[in-house]
Amino acid sequence: MNADVLEKLKILAESAKYDVSCSSSGSVRSNQKGGLGNTVGGWGICHSFAEDGRCISLLKIMLTNHCIYDCAYCINRRSNDLRRATFSVTELVELTMEFYRRNYIEGLFLSSGVVRNPDYTMERLVRVAKDLRQVHRFNGYIHLKSIPGASRELVNEAGLYADRLSVNIEIPNEESLKHLAPEKDFKSVFQPMKYIQQGVLESSEERKKYRYAPRFAPAGQSTQMIVGATPETDKDILRLSSVLYQRPTMKRVYYSGYVSVNTYDKRLPALKQPPLVRENRLYQADWLLRFYQFKVDEIVNDAYPDLDLEVDPKLSWALRHPEQFPVDVNKADYELLLRVPGIGVKSAKLIVASRRYGKLGSYQLKKIGIVMKKAQYFITCNELTVRTVNEMTPQTVRKLLVPSGKKNLDDRQLLLNFVDE
């Protein structure tokens with residue numbers, strides 16, 4: 001690797017670190033004779049783990065950190081004075097293959113600043129993926145960031161070579177987006193999302209008719225929202241996420257706590273630290289939406305527009321609805337078991353299967369994997385003598401479960417400094 005490419009690698013890897021939407025792929029792309037790499041058994045990318053415990057890594061890089069846009073929240077904005085670099089298509093393809101041959105990586109996550117116009121940038125991203133697949137016969141994982149405003153033809157071509165495509169929403173409200181990024185709008189973001197969805201669905205129908213029809217972005221699409229750069233509530237963010245998950249091809253919505261990289265811009269909040277606790281709570285709420293059959297209005301609503309920072313969203317819901325408890329684990333249906341704090345999807349399934357063979361007591365529940373520290377206040381079963389949430393009070397249970405003297409801080413408890421211009 002020559003010194004020029006190495007220097008570009010340092011600059012562009014640093015520029016790519018704020019994009020978090022590159023975890024799991026869910027794609028299986030087997031190797032073929034004469035090819036290189038595969039994604040078989042690889043359900044996680046970018047230092048995630050496969051089912052067999054294997055760590056799978058990914059080259060996370062930008063094609064260029066030059067950008068025609070001047071988004072207030074972005075480190076690579078046009079007006080920032082920072083080192084800039086651009087890979088040629090050939091350089092990036094050769095770098096990816098060299099890293100793969102050295103066993104450094106098993107896939108590529110590629111994003112880019114926008115140069116000239118969206119189509120020009122998107123065309124270069126597509127060329128990287130196309131050369132990897134067709135010239136080098138690379139069968140590893142590829143995740144491409146689709147450029148907002150890119151044409152349908154380029155998005156369709158990208159889907160033929162990438163395992164996953166994604167378009168970042170960034171700001172969950174169009175008015176706030178216009179305030180911080182006047183050159184962008186929701187149409188430029190949601191239009192490529194629509195193209196990706198249509199491509200995946202059309203490919204699925206084609207493969208039902210023709211076995212060897214080409215696959216289109218088999219791992220679907222994802223997106224990312226910045227949390228804390230604008231005054232939207234958790235209710236606003238999760239309602240948008242819920243709408244996105246109604247689309248059959250949307251696999252993940254990622255939440256990125258706002259990092260204050262442009263402190264000079266007075267349109268941005270002055271935060272002492274990124275809202276990492278809030279970010280974590282949003283991921284927990286997102287999990288409830290996707291796997292625990294919760295609705296948005298059950299987690300956050302007009303009365304509780306923001307997530308509780310001291311307890312997880314499911315425990316918060318349970319403390320607000322003591323009338324739903326206690327739940328008899330030997331009789332309750334699967335859906336109700338999912339509502340109990342301390343009982344996960346796997347545990348709920350094991351409870352339903354195990355109680356066919358006999359009554360479950362506290363010993364059996366612990367063996368199943370239930371977090372009894374939480375669950376004991378919300379369930380009844382054989383041999384369980386702890387008083388339930390209704391025999392005590394929600395406030396008492398909360399005090400028992402929240403360590404005293406420890407408050408979780410995030411941007412709602414720190415200085416916000418929004419200035420209209």
Is it true that the side chains of Arg320 and Ser316 contain a donor and an acceptor less than 3.5 Å apart?
yes

Check Trp317 against Gln324 and note the closest heavy-atom contact, atom names and distance.
CH2-CG, 4.0 Å

Residues Gln221, Arg247; criterion side-chain hydrogen bond (donor to acceptor under 3.5 Å, both in side chains); working and verdict
CA-CA 10 Å; Gln221 62 176 312; Arg247 302 182 177 194; 5.9 Å; no

Determine, stepwise, if the pair Ser146 / Tyr195 fulfils side-chain hydrogen bond (donor to acceptor under 3.5 Å, both in side chains).
CA-CA 10 Å; Ser146 183; Tyr195 298 153; over 6 Å; no

Determine, for Glu98 against Arg101, whether the closest basic-nitrogen to carboxylate-oxygen distance falls under 4.0 angstrom.
no

Indicate yes or no: at least one non-hydrogen side-chain atom of Leu82 is less than 4.5 angstrom from one of Asn65.
yes

Heavy-atom nearest pair, Leu160 first then Phe216, reads N-CD1, 4.3 Å

Is it true that Arg239 and Asp297 make a salt bridge, defined as a side-chain N closer than 4.0 Å to a carboxylate O?
yes

For Thr393 and Thr396, what are the C-alpha separation, side-chain angles and deciding distance, and is it a side-chain hydrogen bond (donor to acceptor under 3.5 Å, both in side chains)?
CA-CA 5 Å; Thr393 64; Thr396 303; 2.7 Å; yes

Looking only at heavy atoms, what is the nearest atom pair of Tyr283 and Val253, with distance?
CE2-O, 4.2 Å

For Thr86, does its backbone N or O pair with a side-chain atom of Lys8 as donor and acceptor, under 3.5 Å?
yes

Tyr73 six-ring face occupied by Arg267 cation (under 6.0 Å, within 45°)
no

Measure up the Phe190 and Phe186 rings against each other and bin them: parallel (under 30°), tilted (30 to 60°), perpendicular (over 60°).
perpendicular

Before giving the answer on side-chain contact (heavy atoms from CB on, under 4.5 Å), spell out for Leu365 and Ile351 the whole-Å C-alpha distance, their side-chain angles and the decisive distance to 0.1 Å.
CA-CA 8 Å; Leu365 294 177; Ile351 288 172; 4.2 Å; yes

Do you see a donor-acceptor pair shorter than 3.5 Å between the side chains of Gln395 and Arg398?
no

Quick one: does Ser222's side chain get under 4.5 Å of His143's, heavy atoms only?
yes

Do Tyr264 and Asn80 pair up side chain to side chain, a donor and an acceptor below 3.5 Å, judged on atom types alone?
yes

